[in-house]
Amino acid sequence: MRQRQGLIALAFLAPALVCLAVLRIVPAISAVVESFYTESLLRGGRVFAGLGNYTDLLSNKDFRQSVGVTLLFTVLVNPIQVAVSFLLAVLFTQRAAGAKLWRTLVILPIATPPAVSAVIWSVIYRPDGLANGVLERLGLPAQPFLTSPSQVLPSLIVLLSWIGVGYWMLFLIAGIQEVPEEVREAALLDGAGPWRRMISVVLPLVRRPLAFVLVADTVSNLLVFAPVQILTKGGPNGNSNLLMYDVYSRAYAIGDIHVAQAEVVILVALTLAIVAAQFRLLRGDQ
């Protein structure tokens, strides 16, 4: 009977396992293997290059700039998105008039594909767009936003936060709603104010969903592609050239697929290293 149940379970899992192998495992292995080869015009095909593609990348100024931009972007965007998501989650779990309506409005961008969101914000960031219109109303000078080397990264952070904050907020709302009501009432009876209750009561009890949001948000932001491809093409002067877009440029604009595969391997290794460090720090806090 137990063997039969195992076979039935395997039959149900088989489609998912096949998709996992075909769409994830096989491409990952292929990327690693292809990263050790290069195309040779003299030999008329690919030849083994060893670590040549990796050394070429590490000695490439544009690649090093792309790594720096990606790390800076990650350091800036993750705390902002997690903090705003947590504050909104706390706010929208309060029993206040209009909380559900505002929660719905914050969640709405989730239903919009990233490419469509990028097009919407391209209109907002235009010289005669909504953003400069608001600045003009406030008596402030117009800003270049996406065409400024110093403003392009903050502009992308605002766009991606508009897309992602509502999504991560949902996980934190679910975690906050699991906080026992008796604990909140006890803190209220002890004279704790709203800020104190949030920091000393709610925050420690939602550490697990908060840790999940931090790690998942980090991975998501390291793989940002569509807004960069649509809005900035990595410019100006490479100041928005995130690694995912750099991989795309090397593979399809330059046509060096093997170096692009090596860059994919480096990106995955970098992502795993950052996530492992986060897990280590979170485990240490516990």
Side-chain angles (χ1 to χ4, degrees), residues 66 69-89 91-92 99-138 142-174 212-249 251-253 267 271:
S66 180
V69 169
T70 303
L71 291 176
L72 176 62
F73 172 76
T74 304
V75 169
L76 293 175
V77 73
N78 288 346
I80 292 173
Q81 290 188 354
V82 174
V84 173
S85 299
F86 177 71
L87 292 174
L88 289 177
L91 180 63
F92 292 150
K100 291 184 178 180
L101 173 62
W102 284 105
R103 184 194 306 179
T104 303
L105 293 176
V106 173
I107 293 171
L108 275 179
I110 300 174
T112 308
V116 176
S117 297
V119 172
I120 293 172
W121 279 85
S122 70
V123 177
I124 294 175
Y125 283 143
R126 284 172 53 182
D128 58 346
L130 178 62
N132 278 325
V134 173
L135 292 177
E136 183 181 357
R137 288 287 184 179
L138 296 174
Q143 300 297 320
F145 296 116
L146 298 175
T147 58
S148 166
S150 61
Q151 295 182 14
V152 63
L153 214 56
S155 299
L156 287 175
I157 288 173
V158 171
L159 159 60
L160 292 164
S161 298
W162 181 78
I163 296 172
V165 160
Y167 180 71
W168 305 121
M169 182 189 71
L170 291 177
F171 294 96
L172 297 177
I173 286 177
F212 165 77
V213 167
L214 175 61
V215 172
D217 189 37
T218 299
V219 174
S220 174
N221 287 320
L222 283 169
L223 302 179
V224 168
F225 170 73
V228 177
Q229 199 272 335
I230 293 172
L231 295 178
T232 68
K233 301 291 191 295
N237 302 327
N239 284 280
S240 65
N241 188 29
L242 301 180
L243 276 174
M244 273 302 296
Y245 181 75
D246 199 55
V247 170
Y248 166 81
S249 298
Y252 298 105
L267 175 58
T271 303

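Sequence neighbours left out, the pairs with a member in residues 123-135 that pass side chain to side chain donor-acceptor pair (under 3.5 Å) are Arg126-Asp128. Applying the salt bridge (Lys or Arg N to Asp or Glu O under 4.0 Å) test to pairs two or more places apart or on separate chains, none has a residue in residues 228-241. Contacts classified as side chain to side chain donor-acceptor pair (under 3.5 Å) and involving residues 103-113 (residues at least two apart or in different chains) are not found.
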Donor-acceptor contacts, no H, no angles, side chain residues 143-159, under 3.5 Å, sequence neighbours left out:
| residue | atom | partner | partner atom | Å |
| --- | --- | --- | --- | --- |
| Gln143 | OE1 | Gln151 | NE2 | 2.7 |
| Gln143 | NE2 | Pro141 | O | 3.3 |
| Thr147 | OG1 | Pro144 | O | 3.2 |
| Ser148 | OG | Ser150 | N | 3.4 |
| Ser148 | OG | Ser150 | OG | 3.2 |
| Ser148 | OG | Gln151 | N | 3.3 |
| Gln151 | OE1 | Phe145 | N | 3.0 |
| Ser155 | OG | Gln151 | O | 2.7 |

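Residues that satisfy the side-chain hydrogen bond (donor to acceptor under 3.5 Å, both in side chains) test with Asn239, not counting sequence neighbours, are absent from this structure. Evaluation of the ring pair (Phe, Tyr, Trp, His ring centres under 6.0 Å) rule for Trp102 yields no partner, not counting sequence neighbours. Residues satisfying the side-chain hydrogen bond (donor to acceptor under 3.5 Å, both in side chains) criterion with Thr232, sequence neighbours excluded, are Ser240. Not a single side-chain hydrogen bond (donor to acceptor under 3.5 Å, both in side chains) links Trp121 to another residue, sequence neighbours left out. Under the rule for a ring pair (Phe, Tyr, Trp, His ring centres under 6.0 Å), the partners of Tyr248 that lie at least two apart in sequence or sit in another chain are Phe225, Tyr245, Tyr252. Residues passing the side-chain hydrogen bond (donor to acceptor under 3.5 Å, both in side chains) test with Thr70, sequence neighbours excluded: none. For Asp246, the salt bridge (Lys or Arg N to Asp or Glu O under 4.0 Å) partners at least two apart in sequence or on another chain are Arg250. For Leu108, the side chain to side chain contact (heavy atoms under 4.5 Å, CB included) criterion is met by Leu105, not counting sequence neighbours.
Using modelled atom types, one side-chain atom of Ser85 and one backbone atom of Gln81 make a donor-acceptor pair closer than 3.5 Å. Remark: the backbone N or O of Val213 is not paired with any side-chain donor or acceptor of Asp217 at under 3.5 angstrom.
Between Ser66 atom OG and Asn241 atom CG the span is 4.5 Å, to the nearest 0.5 Å. Here Ile107 contributes atom CD1 and Ile173 contributes atom CD1; the two are 6.0 Å apart, rounded to the nearest 0.5 Å. Rounding to the nearest 0.5 Å places CG of Leu91 at 9.5 Å from CE of Met169. To the nearest 0.5 angstrom, Trp162 atom CH2 is 7.0 Å from Ile124 atom CD1. The CG atom of Asn78 sits 9.5 Å away from atom OG of Ser161, with the distance rounded to the nearest 0.5 Å. Annotation: the span from Ile163 atom CD1 to Trp168 atom CH2 amounts to 12.5 Å, rounded to 0.5 Å.
Taking the side chain as every heavy atom from C-beta outward, Val77 and Val224 never approach each other to under 4.5 Å. At a threshold of 4.5 Å between non-hydrogen side-chain atoms, the residues Leu160 and Phe73 count as touching.
The two atoms that bring Pro227 and Ala118 nearest to each other are CA-CB, 3.9 Å, heavy atoms only.
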Determine, stepwise, if the pair Thr74 / Leu71 fulfils side chain to side chain contact (heavy atoms under 4.5 Å, CB included). CA-CA 5 Å; Thr74 304; Leu71 291 176; 5.5 Å; no
Any chance you could lay out the side chain to side chain contact (heavy atoms under 4.5 Å, CB included) test for Met244 and Val228, step after step, and finish with the verdict? CA-CA 9 Å; Met244 273 302 296; Val228 177; over 6 Å; no
